[in-house]
Amino acid sequence: MAILLIRQDGKTSQWLNAFNSQASQIECYDYNEPHPKETITMALVWKQPHGLFDQYKNLKCVASMGAGVDFIFEDPSFRQELLMTRVVDPLLITDMEEFVTAQVYAHMKGLYQYYSQQSSSLWQQNPYLRKKDITIGIMGMGVLGSATAKALAIQGFNVLGWSNSKKQIEGITTYEKLDLDLFLEKTNVLVCLLPLTPDTNGILKESLFSKLPSGSYLIHVARGPHLVGEDLIQSIDNGHMCGAAIDVFSTEPLDTKNPFWEHPNIQITPHCASISSPESVVTQIIVNYNRLMSNQPLLNQVDTSKGY
Ligand code: GLV
């Protein structure tokens, strides 16, 4: 009975250290090192190379190291009988609330414009927005979306939420799937926190941007493939959108030739809106591993029939 860690970005040792310090009795292996395949019952993964799960006949559960599970669904070797879990972690939630809030204020106070003025030694006060001028629309009202919506509403922002099924959240006006247009026409800061599924792939495109009021801003913190990059650039260049903060990309690291790098109204960050902390996440993985071993229901289990 053992856990296999699969990630390819050189950070596996931090995760193994967290297991060693919290539960040294649990056998854990790095996929890149030799390991006894028949002992593996749980795989803890982050953007794993596809096609590996078939090699593990005793595998019972695939656990994501983060909140997102899209890269597990996309893996053809994820068998139907396997269990899947995601991370629901207070640190990840706070990270996301703070990051989106910081981007909303940066947009509202025009901070990025001032940074660009600084690079040409330009001393110039610009008019800026106030809370009454802003309606934040959050697409995706899962754990991160709902928490972020509440954090912004508590600060006095007008916040709307859109999700597959209508959610009841105090202080937030919510819309369900078919009411997307109603939601968009009232939103002028659009935050994407959707899960990536075949339905949401490419959803941030020209026809969607055109339904937002003129001068809207995009904060994209979900997954790269939600966004059609050329459509965003076109909507900014033709003056309909005023800009965007983008944290996630279809190819990460972002190609140095990507036009986002140079665009004056696009601010990019390297997928850092919320970052899983191995120490914090490993604690819940250990709980789930013990539950798996004793045939108890898992925490934060993904309903694989829903696809996200
Ligand atoms: C980050 O992108 C995550 O899914 O946790």
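Model, not experiment: these values are computed from the prediction. When a ligand or atom number is given, it counts from 1 through the structure's own listing order. Sequence positions, counted from 1, serve as the residue numbers for this chain.
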Trainee: Dump the intermediate steps for side chain to side chain donor-acceptor pair (under 3.5 Å) on Q267 and Y115, then the final yes or no.
Mentor: CA-CA 11 Å; Q267 281 76 46; Y115 298 148; over 6 Å; no
Trainee: If the plane angle is over 60° it's perpendicular, under 30° parallel, otherwise tilted; pick one for F249 and F260.
Mentor: tilted
Trainee: I'd like to know if K205 pairs up with D231 as an ion pair, taking the criterion as any Lys NZ or Arg NE/NH1/NH2 lying under 4.0 Å from an Asp or Glu carboxylate oxygen.
Mentor: no
Trainee: Under a 4.0 Å heavy-atom cut-off, which residues neighbour ligand 1?
Mentor: W46, G66, A67, G68, R223, H271
Trainee: Test your reading of the model: is there a side-chain donor-acceptor pair from N188 to the backbone of I134, 3.5 Å cut-off?
Mentor: no
Trainee: So does L299 get a backbone contact from the side chain of N288, meaning a donor-acceptor N/O pair under 3.5 Å?
Mentor: yes
Trainee: With the threshold set at 4.0 Å, does a side-chain nitrogen-carboxylate oxygen contact exist between R7 and D9?
Mentor: yes
